[in-house]
J.: 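Quick one: the structure is below, questions incoming.
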Amino acid sequence: MATCFWLRSCGARRLGSTFPGCRLHPRAGGLVPAPGPAPGPAQLRAYAGGLAGLSAALLRTDSFVGGRWLPAAATFPVQDPASGAVLGMVADCGVSEARAAVRAAYEAFCSWREVSAKERSSLLRKWYNLMIQNKDDLARIITAESGKPLKEAHGEILYSAFFLEWFSEEARRVYGDIIYTPAKDKRALVLKQPVGVAAVITPWNFPSAMITRKVGAALAAGCTVVVKPAEDTPFSALALAELASQAGIPPGVYNVIPCSRKNAKEVGEAICTDPLVSKISFTGSTTTGKILLHHAANSVKRVSMELGGLAPFIVFDSANVDQAVAGALASKFRNTGQTCVCSNRFLVQRGIHDAFVKAFAEAMKKNLHVGNGFEEGTTQGPLINEKAVEKVEKQVNDAVSKGATIVTGGKRHHLGKNFFEPTLLSNVTQDMLCTHEETFGPLAPVIKFDTEEEAIAIANATDVGLAGYFYSQDPAQIWRVAEQLEVGMVGVNEGLISSVECPFGGVKQSGLGREGSKYGIDEYLELKYVCYGGL
Ligand code: NAP
């Protein structure tokens, strides 16, 4: 765990002049803003109008550091992926803003870690309550900036808020141990203490939940955070800051530094290598995760990595076809295929293959409706940007050129440059790109197999392992396959597996550590052994 001594050696005494309204008083009762101008929210800056119906109160455009809304020297545009319209111009933070945010988080940590678990719990609960009160506005922000259908955005807000609720409860359940050693005059104690400041870097596909899953656990443990959201979706992170402030989360405990993709590398490096930061928590691609692991290695920081997947979805001959199709739809097409646990490869046993493919194609045509996420009935919004569409298109073309058959879909959608048709391919083989590269789009490729051993071998023939799904009615097979799949999470006859109560995370290059559940808070706690002698 970092100590407050670092502050002195790193010149953080200058904080007072950087954030005049948030001199912090380390004491058990928490952090108090210094007398003087209230650290209230600044006016919206350079907001370019955006979509009607978004809450102006929650649509913040400045960074949030030390409890204050601060502009940056430059701004970057955030676009609605459905229409390309600019929703707003957001503060484009650089290295100096990143360092200031770390200092603010560190100074706040010196007090926040002393705040009682009960009080931290109560503040997280207030934050949760405010999310629920504002859930409709928060959902609309998600749909505007990510394109996600509004119904799914509502689902994400609840999922996101539940992490704050869950960790408000877990905050009060951090226990230590007493160990009896062979020495009669000694007792050994094990204390759990907060790690320190956490650098939190998150992706665009769950703009709210990927933040609270980390931040809920961090704050419950007594850590403070600096959040760098994705360029495409900073508004959700900033709306959370507004509500954190309203909830009374002390200044400096939750900081947000949005930045453009152009600045992401250097801002990421600044927060991940700063000696005041003790922990890096990242959700995103395996490629970026490896860069951040290098940063962590150089300064030996704790890490949590939630990275990419290539989920297999196996349908065995004994499966119930209707159940398997429902699970396939849910696991493949949520967020238009843009979730890390989306099925990427469908492996279907020869005896059930034709029936499954036929029923899956019919269900896709009946249930999947491409459109603007705000429109009633839309289940498939746009992809996040045109690059994502190009990736799906490339995988489809590659598969077809190698012998795959398009059962349905297969091309860009007429609604606009970021839309792609929900696509089902059969006759897929393992030499095709879509079977070994994460798609992150609405493409379901089906590979036919003969034996259980063959399915397991194909499923495990990858260097990532996040989620895996299979459908079978054979109890012995269910045990065998669940144990043999090289993944962190398994859905047996179930396509939706995420829940705040359950541990989320992967094996192999899908990551390190677990989020959510009773295990998630451990990622932000250090064990300290105290040998108590002279008894
Ligand atoms: P990404 O490119 O790795 O971006 C994720 C975050 O990292 C964004 O905030 C991004 O900023 C930032 N970033 C990019 N390069 C960076 C660098 N050099 N240093 C510091 N930060 C950097 O991933 P993505 O394409 O946005 O998200 C999709 C990926 O996330 C998929 O692979 C998916 O499987 C994975 N994911 C995993 C989970 C999980 O729980 N395992 C959950 C959701 C998503 P910019 O936005 O500015 O580029």
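Note that ligands are numbered from 1 as they come in the structure, with each ligand's atoms numbered from 1 the same way.
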J.: Do Lys228's NZ or CZ and the ring of Phe282 fall within the cation-pi criteria of under 6.0 Å and 45°?
T.: no
J.: Please write down residue, atom name and distance for the protein heavy atom closest to atom 27 (O) of ligand 1.
T.: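 For atom 27 (O) of ligand 1, the nearest protein heavy atom comes out as Pro203 CB, 3.7 Å.
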J.: Looking only at distances, please establish whether an N/O atom of ligand 1 is found under 3.5 Å from an N/O atom of Ser285.
T.: yes
J.: Would the distance check show the side chain of Thr435 and the main-chain N or O of Met432 forming a donor-acceptor pair, the cut-off being under 3.5 Å?
T.: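 Yes, the answer is positive, given that a donor and an acceptor are paired below the 3.5 Å cut-off.
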J.: Within ligand 1, which atoms have a heavy atom of Ala264 less than 4.0 Å away?
T.: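 Counting atoms of ligand 1 from 1, those under 4.0 Å from Ala264 are 11 (O), 19 (N), 20 (C), 21 (N), 47 (O).
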J.: Can a non-hydrogen atom of Trp204 be found less than 4.0 Å from any atom of ligand 1?
T.: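 The answer is yes: ligand 1 sits under 4.0 Å from a heavy atom of Trp204.
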J.: Enumerate the ring pair (Phe, Tyr, Trp, His ring centres under 6.0 Å) contacts for residues 141-163, please, sequence neighbours excluded, ordered by first and then second residue.
T.: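 Ring pair (Phe, Tyr, Trp, His ring centres under 6.0 Å) check on residues 141-163 returns Tyr159-Phe163.
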J.: Enumerate the atoms of ligand 1 whose separation from the nearest heavy atom of Arg213 is less than 4.0 angstrom.
T.: 40 (O)
J.: Short N/O distance, under 3.5 Å, between Gly284 and ligand 1?
T.: yes
J.: Compute whether any side-chain donor of one residue and acceptor of the other, for Ser304 and Glu523, lie under 3.5 angstrom apart.
T.: yes
J.: Would you say Leu307 and ligand 1 have an N/O pair spaced under 3.5 Å apart?
T.: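 Yes - when backbone and side-chain N and O of Leu307 are compared with those of ligand 1, one distance drops under 3.5 Å.
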J.: Identify the protein heavy atom lying closest to atom 34 (O) of ligand 1, giving its residue, its atom name and the separation to 0.1 Å.
T.: Glu438 OE2, 2.6 Å
J.: Classify the angle between the aromatic ring planes of Tyr471 and Phe313 as parallel (below 30°), tilted (30 to 60°) or perpendicular (above 60°).
T.: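 Parallel.
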J.: Can Met89 and Thr61 be said to form a side-chain contact (heavy atoms from CB on, under 4.5 Å), step by step?
T.: CA-CA 7 Å; Met89 302 297 294; Thr61 57; over 6 Å; no
J.: Considering non-hydrogen atoms of the protein only, which is the closest contact for atom 37 (C) of ligand 1, and what is the distance?
T.: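 It is Cys340 CB, 3.2 Å.
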J.: How does Glu515 reach ligand 1, by side chain, by backbone, by both or by neither, if only non-hydrogen atoms under 4.0 Å count?
T.: neither
J.: Using heavy atoms and a 4.0 Å limit, tell me yes or no: is Leu292 in contact with ligand 1?
T.: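 Per 4.0 Å heavy-atom rule, Leu292 contacts ligand 1.
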J.: I'd like to know if the side chain of Ser331 pairs up with that of Ser343 as donor and acceptor (distance under 3.5 Å, no hydrogens or angles considered).
T.: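 Indeed, the side chains of Ser331 and Ser343 share at least one donor-acceptor pair under 3.5 Å.
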J.: So, for atom 32 (O) of ligand 1, does the protein have a heavy atom nearer than 4.0 Å?
T.: yes
J.: So if I count the atoms of ligand 1 from 1 in the order they appear, which ones are less than 4.0 Å from some heavy atom of Arg261?
T.: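 By the 4.0 Å cutoff, the relevant atoms are 45 (P), 46 (O), 47 (O), 48 (O).
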J.: The test is ring pair (Phe, Tyr, Trp, His ring centres under 6.0 Å); show your working for Phe235 and Trp204 and say whether it passes.
T.: CA-CA 10 Å; Phe235 286 125; Trp204 47 265; over 10 Å; no
J.: By number and element, which atoms of ligand 1 are closer than 4.0 Å to a non-hydrogen atom of Phe440?
T.: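 This gives 28 (C), 31 (C), 33 (C), 34 (O) as the contact atoms.
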J.: Please state whether Asp232 comes within less than 4.0 angstrom of ligand 1, counting heavy atoms only.
T.: no
J.: Report, in ascending order of atom number, the atoms of ligand 1 lying under 4.0 Å from any heavy atom of Asn205.
T.: 43 (C), 44 (C)
J.: Checking the N or O distance criterion of under 3.5 Å, is ligand 1 in contact with Thr202?
T.: yes
J.: What residue and heavy atom of the protein are closest to atom 46 (O) of ligand 1, and at what distance?
T.: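 For this ligand atom, the closest protein heavy atom is Glu231 N, 2.9 Å.
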J.: Does anything in residues 488-517 form a salt bridge (Lys or Arg N to Asp or Glu O under 4.0 Å)? List the pairs, not counting sequence neighbours.
T.: Arg213-Glu515, Lys214-Glu515, Glu486-Lys508
J.: Suppose I only count heavy atoms of Gly268 and a 4.0 Å limit; which atoms of ligand 1 are within that range?
T.: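 Within the 4.0 Å cut-off of Gly268, ligand 1 contributes 20 (C).
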J.: What is the closest protein heavy atom to atom 10 (C) of ligand 1, and at what distance does it sit?
T.: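 The closest heavy atom on the protein side is Lys228 NZ, 4.0 Å.
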J.: What's the spacing between Glu483 CD and Ile456 CD1 if we round to 0.5 Å?
T.: 10.5 Å
J.: Could you verify whether a donor N or O on one side chain and an acceptor N or O on the other, from Thr283 and Thr202, lie under 3.5 Å apart?
T.: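 No, no side-chain donor-acceptor contact under 3.5 Å.
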J.: Measure from NZ or CZ of Lys279 to the centre of the six-membered ring of Tyr524 and say whether it is under 6.0 Å with the direction within 45° of the ring axis.
T.: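 Yes, cation above the ring, under 6.0 Å and within 45°.
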J.: Verify whether one side chain among Asn418 and Asn385 offers a donor that lies under 3.5 Å from an acceptor in the other.
T.: no
J.: With atoms numbered from 1 as shown, which atoms in ligand 1 lie under 4.0 angstrom from a non-hydrogen atom of Thr283?
T.: 5 (C), 36 (N), 37 (C), 38 (C), 39 (C), 40 (O), 42 (C), 43 (C), 44 (C)
J.: Tell me if the centroids of the rings in Tyr128 and Trp166 come within less than 6.0 Å of each other.
T.: no
J.: Does Gly505 have a heavy atom less than 4.0 Å from any atom of ligand 1?
T.: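 No, that is not the case, since the closest heavy atom of the residue is not under 4.0 Å from the ligand.
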J.: In terms of residue, atom name and distance, what is the protein heavy atom nearest to atom 15 (N) of ligand 1?
T.: Thr288 CG2, 3.6 Å
J.: Numbering the atoms of ligand 1 from 1, which are under 4.0 Å from a heavy atom of Pro229?
T.: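 Matching atoms, with element in brackets: 9 (O).
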